[in-house]
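Working notes, beginning with the structure itself.
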Amino acid sequence: MPELPEVETVRRMLEQHVRGRRIGRVRTSTKPLRFPMTRGLTRRVAGRSIERLGRHGKYLLIGLDGGLTLLSHLGMSGRWLFHPEPAVLRLPHVHVRFFFEDGSELWFQDARRFGMLELHATARVRESPLLAGLGPDPFPEPPPAEVFARLAAGRTASVKVFLMDQRHVAGIGNIYASEILFRAGVHPARATGRVRADEWLAIRDEMRDVLAEAVERFGTTFSLYRTLWNEPGNYAERLFVYDRAGEPCRRCGGEIRHMVQSQRSTYWCPACQPKRRARAVRGARPAGPRAAKV
DNA sequence: ATCCTATCCTGTAGGC
DNA sequence: TGCCTACAGGATAGGA
């Protein structure tokens, strides 16, 4: 669930509320996340201050003084939670607790443990295998449409799966892939290599707009994702297709459909995203929902 | 090289 | 009410 807008929301909140604080001590649980805890993390992080908050795709980079960077991914259910005062509440699945010297606390909670937290030397964190293979970050500006068209050439897999592949562009997941394709008027099952140049332009522009609007609304929450204050994001109410199977399309009133692609749910509107585009009328505006901005 | 499937994990929703 | 199963989707290893 946490995709680029959710991670960016957490990054901004960390920057606003946690940057500058110095870590006193750290407590970690024994259960492994996606990877075992970096050896010596507790000891090496103690006494460091949080200086910079970065992000690439769905990865969060927490820069500390002394040339260290924490690399974090939320996986499916990961949350960074901030407590301005020493926290008395008990929550399950809290794997890491940072105790700041001023008494505030930052927790990493992750029920399903698909998330991760690693300590790296700042100078080498970009070479980490997790980051090295990622495509460009599309926020706030996605790469030009030609970049997508070039990567897409000859591919037979569906354009929806293509957009979710982090090697092509980093940060798009299942929810925003469906939303971007709806707003671009492109059917999610189209072969990537057969998406035309004008459609890549639409996908690229809608990618920029969808991500920006979702960040503005603190991301999308269905059940798991929470902000730094344990609050849900509120972009879900703005979604056009995701999780809306059987409901009326907000553009044309037709019925939103559901299918499974690569073991993931895809939602789309058959009328707004025709599998085969009707023959273009000379001088006509592109079909589909692009024209009406909400 | 590219594509596709199975896997990790647990909370939740739906069926009976 | 309670038990059971299917499902959710982040990334990736391994097979076709």
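Order of the sequence lines sets the chain letters (A, B, ...), proteins ahead of strands, with each chain counted from 1.
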Exercise. So what does A/Met116 touch, heavy atoms closer than 4.0 Å: a base, only the sugar-phosphate, or nothing?
Worked result: nothing
Exercise. Between A/His93 and B/dC9, does any side-chain N or O lie under 4.0 Å from OP1 or OP2?
Worked result: no
Exercise. Which nucleotide, B/dT10, B/dG11, B/dC9, lies nearest any side-chain atom of A/Phe114?
Worked result: B/dC9
Exercise. P atom, B/dT5 versus C/dC7: distance in rounded Å?
Worked result: 15 Å
For this session: For A/His258 and C/dC7, give me the distance from atom NE2 to atom C1', rounded to whole Å.
Result: 10 Å
For this session: Find the distance A/Met76:CE to B/dC8:P and express it as a whole number of Å.
Result: 15 Å
Report all interatomic pairs (protein N or O, nucleotide N or O of nucleotides 1-4 of chain B) with separations under 3.5 Å.
residue : atom : partner  : partner atom : Å
B/dC3   : OP1  : A/Thr156 : N            : 2.8
B/dC3   : OP1  : A/Ala157 : N            : 3.1
B/dC3   : OP2  : A/Arg155 : NH1          : 2.9

Problem set entry | Integer-rounded Å distance: C/dA8 P and A/Asp110 CG | 19 Å
Seminar exercise, completed: DNA chain C in dot-bracket form (Watson-Crick or G-U pairs under 3.5 Å, [ ] crossing, | inter-strand) is .|||||||.|||||||
Problem set entry | Listed partners of A/Glu118 passing salt bridge (Lys or Arg N to Asp or Glu O under 4.0 Å), at least two apart | none
For this session: Identify whether the distance between the nearest side-chain nitrogen and carboxylate oxygen of A/Arg11 and A/Glu8 falls below 4.0 Å.
Result: yes
For this session: Report which part of the nucleic acid A/Ser265 touches: base, sugar-phosphate, or nothing (heavy-atom distance under 4.0 Å, all strands).
Result: sugar-phosphate
Problem set entry | Sugar-phosphate only, base, or nothing, as touched by A/Arg113 at under 4.0 Å among non-hydrogen atoms | sugar-phosphate
Exercise. When all nucleic acid strands are considered with a 4.0 Å heavy-atom cut-off, which category describes A/Leu130: base, sugar-phosphate, or nothing?
Worked result: sugar-phosphate
Exercise. Does A/Arg264 make a side-chain N or O approach to OP1 or OP2 of C/dC7 shorter than 4.0 Å?
Worked result: no
For this session: Give the ring-plane orientation class for A/His258 versus A/Tyr267, where under 30° counts as parallel, over 60° as perpendicular and anything between as tilted.
Result: tilted
Exercise. How long is the line joining CG of A/Leu33 and P of B/dC9, in whole Å?
Worked result: 12 Å
